[in-house]
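Comments concern the structure below.
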Amino acid sequence: MSAIFEVENLSLHYLSRWGQKIHAVTDVSFSMKKGEILGIAGESGCGKSTLVNGLMGLFIPPLYPTSGDVRVNGESLMNRTPQDIRSNILSRKVSMIPQGAFNALNPTRKVKDIAADVIVAHLQKGGVTRKESYDLLRERFDLFGMDTERILNSFPIQLTAGERQRSVIGISTLLNPQMVIADEPTSALDVSTQKVVIKMIFDLLEKNIFSTMIFITHELPLLRHVADNIGIMYAGEFVEYGTAEQIVFDPRHPYTKALMGAMLSAEPGQREKKPVAIEGAPPSLAKIISGCRFAERCPSARPDCKLRSQAIRMVAGRQVRCEYAD
Amino acid sequence: MKLLRNLLKSPMFVIGAVLFFGTILFAIFAPFFIDLKTAMDRVGGQYLEPSGSFWLGTDDLGRDYVKLLLQGLRSSLYVGFLAGVLATTVGTLVGIYGGFKGGIIDDILNMFTNLFIVIPSFVVLILVSASLEQGRSLTIIALLIGATTWPWTARSVRAQASSLKSRDHISLARINGANTLQIIYKHILPYLASYVFMVFIMQVASGILSESAISMIGLGPMDNVSLGVILNQAKNAGALGDGIWWGIFPASIIITVIVFALFLINNSMEGVFNPRLRK
Amino acid sequence: MPTNPIFSAKNVSMHFGHGKKLVKAVDDVTFDIADGEIISIVGGSGCGKSVLAKVMLGLYKQTSGEFKYHGNDITNQRDHWNDVQSVFQDPFSCFNQFFTIRAQLKDAFGILKTKLTKEEIDQRVDRALLAVNVTPADIEGKYPFELSGGQMQRMLLARIFALRPKVLLADEPTSMVDACVRANILDYLMKLKQELGMTIVFVTHDIGLAYYVSDRIFIMHEGKIVESGVPDEVALNPKSPVTIQLIDDIPEIHKEWIKR
């Protein structure tokens, strides 16, 4: 089967308030088959959220594409206006589940009106009336096993955080998008609510509402249970990209190793372990960095690491951006 | 400074500011060249058309419209600013105090605020002005306007203050040992300053409009001319029906320009202060 | 239960609102904390853990019950804050964006009973910055929005290093940073504890963190402490259904979670 979503050497930059070019994403490549779930992990500020906009082809100043290509079913999303992307790509081809459900929902409108707006806006040509769109909504929300009537007739503020986030997911996937990009969909929730929300996402996958997803989070253990493949981002680059098993149980890039080594869990023996702590912060992306971006903080850095920028190479069956990894 | 530079990038702001500050400078410095002492004196015939000696003609009492309008402009600006300062000060104090203190005090202040908002302020303005047969001065009108418009400021400032209150930097300031006054002064006011300033501008604009409206219907100040009073007198003398355009247009245009300029300034500031509107 | 506790709470409740809108944020909790202990209060959002921390910090006065610090009621907040200090969750909202970081670190000395000279304050700020591995020159003249989240979090820790309190209440100190930085922050906190013999109360939803750092764990749910004890007991052998559920809900690497 051919790839449904392809990203080729994508680099993005934005202009800071002082007109500086910040190279937020550099040379990201991957391709996804239908039915695949790709997890992207990295610390805050590593370029995850910028990447999300780039993946949707949504370039609103100050964000600009530097180079590369993004294709959905072979159709390129680059060099298109935000209006074009919003009306022809979003919701139907690529849909996004944002992090803060509260910001995503207009506080002055009921959930059913927010949702109906999405349907009416995208299916106008098919001539869906508002009333028909409500029926569509009810049908869909019933599918999730939610308290449909109450939730649809509520204002966002009357719902719990979990209900809000599930409503957002319901609305984002109303038009059965081919691809869903979930940007930290559970980061603002506590663990129990997170589990409910993830269950709902799994439910949607099982019911074939959508089948391909990019899941972005800073929580690696969560990705282990959600994703097929994982990309680890550091300072705007993919430093390691492989299957979830490979990344979680057998990391090869020093940064991934550090991330895994810093995990704390309530499991026997964990109290005696010393978590890996790394000093310092990722480099500023305002300059083009010549050497390896992790070299500054890398526990196994060698003198020449800072001199050469690192290229992707295959190590133990996955991509690693480190010439000394083995 | 960065803020000012950002503001200057907005053509709306530049136009608004040039118009408004131009008007203010004119109102302040023109009296050095145009003698206002004779503004109320009869200097020519009734309703003379604009000419070389009277640029904007004369009114029904034979007074020079240039001088009258200048005097009226000064009065209107005075009313606008005084009403604006009063409404902003009272509104900000009530809003911050209620929003920050919370509890019963907040509930009571909030109730008062809402009560004042519900009462149609213009009707109150008319009733009180009408009852003040004697001694209806510019200052009193301004204070009346200020006293009826402060709740708008109070309500919005309160909302902002109470959302700021729960921010961690306030808690941190408290465990740093800052007292309530210091917290309001150092940790709340700076965050509200830009917002309060924007509301102040709107209050000035609405002060000028309210004064014109109340004067237009004949309940304006007795001791002075204002732009509204000029319009009222022109209306009473039948300028509208007789085609005496110079009795109506100049004063109306001045009011419109000032208020429009203030709206432009306010609008452009919103764009700069509110990052969500920033493109 | 420890003898001579530093904190002792007896049937403490903290209610907000009244009538129909009554919220029992903290509902009849009783506990003692010994001097030098590390305690973690763990629970989901809205369980009342942050409110309880604010009662301990003296920012809220409990609605009912007895809350003692070293056997006394908290009557004077300023005296209390001389001893008991806090690190809050969101480092970005902790600083006032209109003043420099350094000025705000210096502001904190206002709470200390021992008044220091300007030179002493500057020295202590410098030393505190170095203790969290920040060169003082690096933040000279900088405003909060010019630093990253991890750096800001360290500024909050520097504040604690500078004030040297007897008790630290850390409300989700690591929820905004990634795993490596979290381990880093924990290192600093442990260093602080060793230097000052501090008592630390962590407020967190992260039972992994609680298990790793604490002497005892309190599990909170709907305002009540539903289970407390040493980490090996609470985290590995939980008795309360709330704790069992909580641990079950956490996605761990080596554990089965929900299946796709």
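Worth knowing before you read on, the calculation uses all heavy atoms, side chains too, and leaves out hydrogens, waters and symmetry mates. Naming convention: chains lettered A, B, ... in sequence-line order (proteins, then strands); numbering from 1 in each chain.
Summarising the geometry of Asp249(C) relative to Ser192(A), their closest heavy-atom pair is OD2-OG, 2.8 Å, with the distance given to 0.1 Å. In plain terms, the two heavy atoms of Pro268(A) and Tyr211(C) that are nearest each other are CA-OH, 4.1 Å.
Around NZ of Lys287(A), the count of heavy atoms belonging to other residues, nucleotides or ligands within 6.0 Å does not exceed 12. A 6.0 Å sphere centred on NZ of Lys193(C) holds more than 12 heavy atoms belonging to other residues, nucleotides or ligands. Enclosure of atom NZ in Lys257(A) by more than 12 non-hydrogen atoms of other residues, nucleotides or ligands within 6.0 angstrom is indicated. By the neighbour-count criterion of 12 heavy atoms within 6.0 Å, atom OH of Tyr14(A) is sparsely surrounded, having that number or fewer from other residues, nucleotides or ligands. Around the CD atom of Glu296(A), the shell of radius 6.0 Å holds no more than 12 heavy atoms that belong to other residues, nucleotides or ligands.
Separating the CG atom in Asp206(C) from the OG atom in Ser265(A) is a distance of 9.5 Å, to the nearest 0.5 Å. The distance from atom SG of Cys47(C) to atom CG of Asp190(A), rounded to the nearest 0.5 Å, is 8.5 Å. The structure places CG of Leu264(A) at 9.5 Å from CD of Glu252(C), a figure rounded to the nearest 0.5 Å. Put simply, CH2 on Trp257(C) and CG on Leu222(A) are 5.0 Å apart, with the number rounded to the nearest 0.5 Å.
For chain C, the nearby parts of Leu259(A) are the backbone and the side chain; heavy atoms of each come within less than 4.5 Å. Heavy atoms of Glu206(A) lying under 4.5 Å from chain C are absent altogether. Looking at Lys274(A), the atoms closer than 4.5 Å to chain C (heavy atoms on both sides) sit in the backbone and in the side chain alike. Proximity to chain C is absent for every atom of Glu272(A), based on heavy atoms less than 4.5 angstrom apart. Val248(A) touches chain C through its side chain: at least one heavy atom from C-beta onward sits under 4.5 Å away, while N, CA, C and O do not. Residue Leu186(C) touches chain A through its side chain alone, counting heavy-atom pairs closer than 4.5 Å. In this structure, chain A has heavy atoms under 4.5 Å from both the backbone and the side chain of Ile258(C).
Comparing His254(C), Lys259(C), Lys255(C), Gln245(C) by how many heavy-atom pairs each has under 4.5 Å with chain A, the most go to His254(C). Contacts with chain C were tallied for His225(A), Met260(A), Arg224(A); His225(A) has the most, counting heavy-atom pairs under 4.5 Å. When each of Leu220(A), Asp228(A), Leu205(A), Leu223(A) is scored by its heavy-atom pairs under 4.5 Å with chain C, the top score falls to Asp228(A). By number of non-hydrogen pairs under 4.5 angstrom with chain C, the leading residue of Gln270(A), Lys195(A), His218(A) is Lys195(A). Looking only at heavy-atom pairs under 4.5 Å with chain C, the residue among Lys199(A), Arg297(A), Lys273(A), Glu267(A) that has the most is Glu267(A). Counting heavy-atom pairs closer than 4.5 Å to chain C, the top-ranked of the candidates Asp203(A), Ile198(A), Val276(A) is Ile198(A). The choice from Ala235(C), Ala210(C), Gly46(C), Gly44(C) that makes the most heavy-atom pairs within less than 4.5 Å of chain A is Gly44(C). With chain A as partner, the option from His205(C), Arg182(C), Arg154(C) having the largest number of non-hydrogen pairs under 4.5 angstrom is Arg182(C).
A distance-only check finds no donor-acceptor pair linking the side chain of Arg271(A) to the backbone of Val213(C) [under 3.5 Å].
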